[in-house]
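Order of the sequence lines fixes the chain letters, A, B, ..., with proteins taken first and strands second; residue numbering starts at 1 for each chain.
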Number of protein chains: 2
Amino acid sequence: MEIDKGKPTNGDLDLKIDRESYEPAYIQLVNIIKQQISLGVFRPGDKLPSESKLCKEYKVSPMTVRRAVNILIDQAVANAVQGSGTYVNSINLGSAAFHLKGLQEFFLDESTTVKILEVRIVPAKDRASKKLAVGGGEPLILIRRLLLKDNEPFFYHKEYLIYDPTRPIVESELEVTSLRGLFSGTGSSEFKNGELGIEATVISSEEAKVLKAETGTAAFLLEHIFYDFNQSPVSWGWFICRGDKLSFTTTVGIQETL
Amino acid sequence: MEIDKGKPTNGDLDLKIDRESYEPAYIQLVNIIKQQISLGVFRPGDKLPSESKLCKEYKVSPMTVRRAVNILIDQAVANAVQGSGTYVNSINLGSAAFHLKGLQEFFLDESTTVKILEVRIVPAKDRASKKLAVGGGEPLILIRRLLLKDNEPFFYHKEYLIYDPTRPIVESELEVTSLRGLFSGTGSSEFKNGELGIEATVISSEEAKVLKAETGTAAFLLEHIFYDFNQSPVSWGWFICRGDKLSFTTTVGIQETL
DNA sequence: TAGTGGTCTAGACCACTTA
DNA sequence: AAGTGGTCTAGACCACTAG
């Protein structure tokens with residue numbers, strides 16, 4: 001696209017950085033560029049103005065421009081090619097991500113309660129033995145919980161924990177607070193990191209009973225395994241949720257508001 | 001935790017920034033701090049050294065420290081409280097995100113092919129009419145595709161497109177390249193943005209036939225709607241994939257390697 | 001009031017791409 | 001050779017927090 005070099009490259013908008021605004025200059029610049037892409041001033045594949053041009057145009061320092069451009073790159077709105085320029089991306093489903101914020105809200109909700117269905121020591125076998133890296137027959141703690149929202153069953157949770165005789169099970173660990181802490185990041189977790197997986201499955205008869213659902217209906221299975229600071233597995237289990245009660249959504253491409 | 005102020009706060013590691021390395025200083029600093037958290041030098045809830053201390057300790061400028069700390073904050077490893085300090089986060093499932101990179105790889109794979117099952121003009125009705133914001137009875141393009149990998153059915157894709165008589169359907173838009181472009185960000189898309197959703201479902205008889213699966217087995221449904229640069233809906237549809245052929249995984253907490 | 005993070009400046013040098 | 005992005009310096013001022 002040909003640009004008249006005597007004029008700013010922002011079309012008819014003539015947007016400026018408002019120095020009096022509480023919004024930082026680099027955020028304003030991000031939004032200005034996004035809006036220009038949104039309006040078609042810059043199209044996918046187009047080269048954005050160089051950093052030095054943006055400096056002059058908006059009268060900010062190179063570091064501020066750089067910070068704004070980096071944000072656009074982080075958000076997969078643009079990509080930089082060293083020595084060449086910064087280019088607007090096409091829409092890219094591969095860069096999409098589904099967040100678990102919805103689940104976080106579920107656990108922070110006041111009407112969410114936990115019902116302990118079972119707590120007992122079981123001998124490790126099969127998958128639990130493998131996942132938790134303990135020999136078959138070694139004792140594990142099995143916890144089965146039902147998570148309710150407004151007294152309606154929502155999640156069925158089955159979890160195997162490493163049995164440590166020196167650390168008795170504290171009641172608080174069984175309550176909703178422990179799970180809430182996991183999802184919200186509050187609480188001082190013993191876990192260093194973990195792995196999560198989502199699968200599509202159908203509800204088994206065991207699960208159907210506690211979830212008040214019919215066997216064979218669709219459900220999400222959210223598997224988890226957590227490791228302690230020695231990188232030893234500590235907890236393995238999974239959540240089951242009826243498919244009609246949960247879904248994950250996200251957006252791709254340029255969003256009107258950040 | 002009490003720290004002997006005469007010594008560096010990195011325990012027995014005594015890690016330094018290697019100025020000769022190709023790895024930028026700020027990346028090295030990110031990894032050093034992560035490793036310290038990983039080793040338990042800093043635990044969840046602990047305050048990280050202040051920026052000025054990190055400057056002195058690693059002999060880098062404030063901007064470099066700042067950049068490293070911002071990366072940790074972006075990765076949800078730590079959080080900053082203005083006027084107070086920067087604190088290590090607990091593990092937080094709510095910040096977890098499932099990426100579609102796996103699907104991107106699927107579409108980039110050479111052995112992935114597309115079989116067009118049907119292309120025809122249909123009158124808009126029900127959900128398609130609503131989602132694409134056209135009146136009932138208006139013409140829409142319906143495309144049904146089967147995506148195969150190594151000649152085995154993988155995805156069933158059903159898509160409704162706005163019918164624009166001025167823009168005839170180009171054959172290339174029906175091939176795998178168009179979908180590949182969507183997932184990889186290559187290709188010059190007409191779409192500005194879109195919304196995606198994942199649901200758990202069971203395979204219907206129609207879907208079972210083309211996917212060579214049994215009715216009633218678990219499946220993922222990936223719904224999509226795309227908008228053009230006028231923010232008008234252009235495409236609505238969904239992918240169906242057998243649950244045993246697809247899963248989404250991610251990690252939470254501190255990872256050993258970035 | 002001292003310390004902290006949040007923002008920003010006005011440059012610099014380098015590696016890389018393009019012509 | 002000229003232009004571009006990638007990194008980094010050595011400060012500055014501000015708003016906020018905490019003792």
Sugar-phosphate only, base, or nothing, as touched by Val69(A) at under 4.0 Å among non-hydrogen atoms: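 Counting heavy atoms under 4.0 Å across all strands, no contact is made by Val69(A).
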Under 4.0 Å between any heavy atoms, over every strand shown, what does Gln82(B) touch: base, sugar-phosphate, or nothing? Just pick one.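 If one applies the 4.0 Å heavy-atom cut-off, Gln82(B) turns out to touch a base.
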Indicate whether OP1 or OP2 belonging to [N] is found under 4.0 Å from a side-chain N or O atom of [X].
| X | N | result |
| --- | --- | --- |
| Thr64(B) | dT7(D) | no |
| Arg66(B) | dG5(C) | no |
| Ser61(B) | dC8(D) | no |
| Tyr26(A) | dT7(C) | yes |
| Ser50(A) | dT4(D) | yes |

Does a side chain donor of either Asn230(B) or Ser232(B) reach within less than 3.5 Å of an acceptor in the other side chain?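 No.
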Quick one: list whatever passes salt bridge (charged side-chain N to carboxylate O under 4.0 Å, His left out) with Glu223(B), sequence neighbours left out.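 Salt bridge (charged side-chain N to carboxylate O under 4.0 Å, His left out) check on Glu223(B) returns Lys131(B).
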When rounded to the nearest 0.5 angstrom, what distance separates CD in Glu110(A) from NZ in Lys149(A)?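 Answer rounded to 0.5 Å: 11.5 Å.
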Could you let me know what dA18(D) is paired to, Watson-Crick or G-U wobble, both distances under 3.5 Å, or none if it's on its own?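 Looking at the geometry, dA18(D) pairs with dT1(C).
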Please report the shortest heavy-atom distance between Tyr227(A) and Gly194(A), naming the atom on each side.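 Looks like CD1-CA, 4.2 Å.
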Take Arg19(A) and Ser84(A), find for each the nucleotide of DNA chain C with the closest heavy atom, and name the residue whose nucleotide sits nearer the 5' end.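 This one resolves to Arg19(A).
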On DNA chain C, does the nearest nucleotide to Val60(A) precede the nearest nucleotide to Glu51(B) from the 5' side, or the other way round? Give the residue.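 Upstream on the strand: Glu51(B).
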